[in-house]
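To find a chain, count down the sequence lines: A is the first, B the second, and so on, and within it residues start at 1. Keep in mind that the numbers below use all heavy atoms, side chains included, and drop hydrogens, waters and symmetry copies. Quick caveat: nothing in here was measured; it's all calculated off a predicted structure.
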There are 2 protein chains.
Amino acid sequence: MVRPEETGGGSAPARGREATRARILESARELFTSEGYGAVSSRMIAAHAGVNVALINRYFGAKRGLLTEILREDGVFPGLISGDPGTLTRRLAEHAVGRLYGEGTALQRALDHSSGDPELQAVYEGRLKSAMLEPLSAYLGGDEAPVHASLVAAVLLGLTRVRLIEGATALRAHDRARLTDRVQALLDLCLADFETEDE
Amino acid sequence: MVRPEETGGGSAPARGREATRARILESARELFTSEGYGAVSSRMIAAHAGVNVALINRYFGAKRGLLTEILREDGVFPGLISGDPGTLTRRLAEHAVGRLYGEGTALQRALDHSSGDPELQAVYEGRLKSAMLEPLSAYLGGDEAPVHASLVAAVLLGLTRVRLIEGATALRAHDRARLTDRVQALLDLCLADFETEDE
DNA sequence: GGTATATGTAAACGCTGTTGACCTGTCAAA
DNA sequence: TTTGACAGGTCAACAGCGTTTACATATACC
């Protein structure tokens with residue numbers, strides 16, 4: 001009796017492998033979103049997925065492997081660093097303010113919120129480097145590009161951090177617009193040529 | 001036989017209490033500095049201090065209590081938010097850049113480095129609120145003060161974070177001066193009156 | 001003396017992430 | 001049909017963590 005069950009190929013891609021993997025991943029995403037990375041244990045994920053704990057490490061190496069997988073799908077600052085350079089800072093400011101004070105993904109907010117976890121940090125920072133600093137630096141070009149990119153990243157990351165510290169204060173539309181303008185101005189200053197008028 | 005041993009008072013200040021407390025605190029400070037908060041366990045601190053583990057919780061409530069105590073002594077941005085308002089941003093910029101790219105305390109650097117720990121985060125953020133956001137806001141005064149303070153904090157925190165992500169790149173004196181100027185300009189912009197020229 | 005009260009100790013609790021040994025069902029070849 | 005290989009899944013254990021509880025001990029007061 002061959003169990004057909006969506007095994008189209010004839011070789012040996014296994015029966016439950018992909019399904020189980022997906023189930024674990026989905027459970028992890030849900031729990032990370034609702035509870036935060038640090039507050040979710042391997043056993044919680046396993047229980048939620050109806051799966052044995054050992055399978056998490058079998059399929060993802062370790063708990064952080066889950067996060068790496070999730071972050072890869074749900075990119076950080078996706079697709080903003082491209083297009084018209086003239087409006088780059090505007091787009092970044094709008095995205096940042098929107099994400100922090102408006103319509104950010106629940107997952108994004110959850111990951112931002114636990115962005116300090118020592119475990120998460122390595123993954124998060126790796127993503128940020130490869131998805132923000134490096135492309136932005138390449139996008140800007142020139143000798144000063146790395147510094148400019150770092151400053152931009154600093155402003156954006158700092159906003160996230162302060163936002164977390166201050167808590168979830170809602171912002172009226174008008175104040176949000178003002179904040180966005182101010183952030184854009186800061187980003188513009190980060191990117192501006194900047195000649196110190198000293199000797 | 002009364003053990004004199006610096007027990008001047010006659011009531012009941014105990015014999016080993018202060019000494020033990022101090023020993024634990026000193027061990028914690030050393031280990032946090034050299035290893036980072038998350039990498040140091042209660043048992044490591046106890047062993048280093050030559051003391052039973054339970055005493056840590058007896059004297060400091062919990063591991064985070066040690067950190068609270070250490071942070072209270074070694075303030076964050078100590079004494080900068082006062083004096084001539086005209087040079088405030090200069091002082092902050094110099095302090096921040098100096099701390100991150102120059103002569104910061106080893107402990108400061110270590111705590112910055114583990115500033116993401118979920119446990120540490122609460123303490124760290126509490127300190128930052130009470131030692132940075134609130135005094136700065138009060139210092140600036142006015143309706144917009146909280147927003148300005150938040151932006152300043154964002155820039156300073158963001159610099160820390162990016163610095164950690166990028167790693168310990170040494171900066172030549174000239175580049176450090178340029179960075180300081182740029183940061184000061186950003187801080188000035190954070191504090192500037194900012195009228196959006198829309199309708 | 002006796003006795004209350006600090007101070008220090010040993011052992012455990014429940015939790016974490018992770019791993020190794022063990023079943024179990026499916027498939028291919030003999 | 002019997003045999004073997006093997007992927008998929010389970011179970012129990014490991015060492016470590018922060019923390020707590022019950023206990024021993026030394027000190028200080030009456």
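Going from atom CG of A:Asn52 over to atom C1' of C:dC23 covers 12 Å, rounded to whole Å. Nucleotide D:dT20 holds its C1' atom 8 Å from the CG atom of B:Asn57, rounded to whole Å. Taking atom CD1 on B:Ile45 and atom C1' on D:dT19, their separation rounds to 13 Å, with Å as the unit. The nearest whole Å value for the distance from the OH atom in A:Tyr59 to the P atom in C:dT19 is 16 Å. Between B:Met44 atom CE and D:dG18 atom P the separation is 10 Å, expressed in whole Å. Atoms CG (B:Leu66) and P (D:dG18) sit 11 Å apart, rounded to a whole Å. As a whole-Å value, the separation of B:Lys63 NZ from D:dT20 C1' is 17 Å. The CZ atom of B:Arg21 sits 16 Å away from the C1' atom of C:dG8 (whole-angstrom rounding).
Between the side chain of B:Ser41 and the main chain of B:Met44, a donor-acceptor pair closer than 3.5 Å is present.
B:Arg21 approaches B:Tyr59 most closely through the heavy-atom pair NH1-O, 3.5 Å. Of all heavy-atom pairs between B:Ala93 and B:Thr180, the closest is CB-O, 3.7 Å.
Within the nucleic acid shown, B:Ala54 comes within 4.0 Å of at least one base atom, counting heavy atoms only. Residue contacts shown for B:Phe60 are absent, as no nucleic acid heavy atom lies under 4.0 Å away.
By the 4.5 Å heavy-atom criterion applied to side chains, A:Leu187 and A:Leu88 are not counted as neighbours. With contacts defined as side-chain heavy-atom distances shorter than 4.5 Å, the pair B:His148/A:Arg182 qualifies.
In the set D:dT10, D:dC17, D:dT19, the nucleotide with an atom closest to the side chain of A:Arg58 is D:dT10. Comparing C:dG8, D:dG8, D:dT10 by their nearest atom to the side chain of A:Arg17 picks out D:dG8.
Close to C:dT16, at under 4.0 Å from its OP1 or OP2, lies no side-chain N or O of A:Ser42. Between B:Thr20 and the phosphate of C:dG8, there is a side-chain N or O to OP1/OP2 separation shorter than 4.0 Å.
Sequence order on DNA chain C of the closest nucleotides to B:Val53 and B:Arg23 puts B:Arg23 first from the 5' end.
Below the 3.5 angstrom threshold, one finds no donor paired with an acceptor across the side chain of B:Arg43 and the base of D:dG16.
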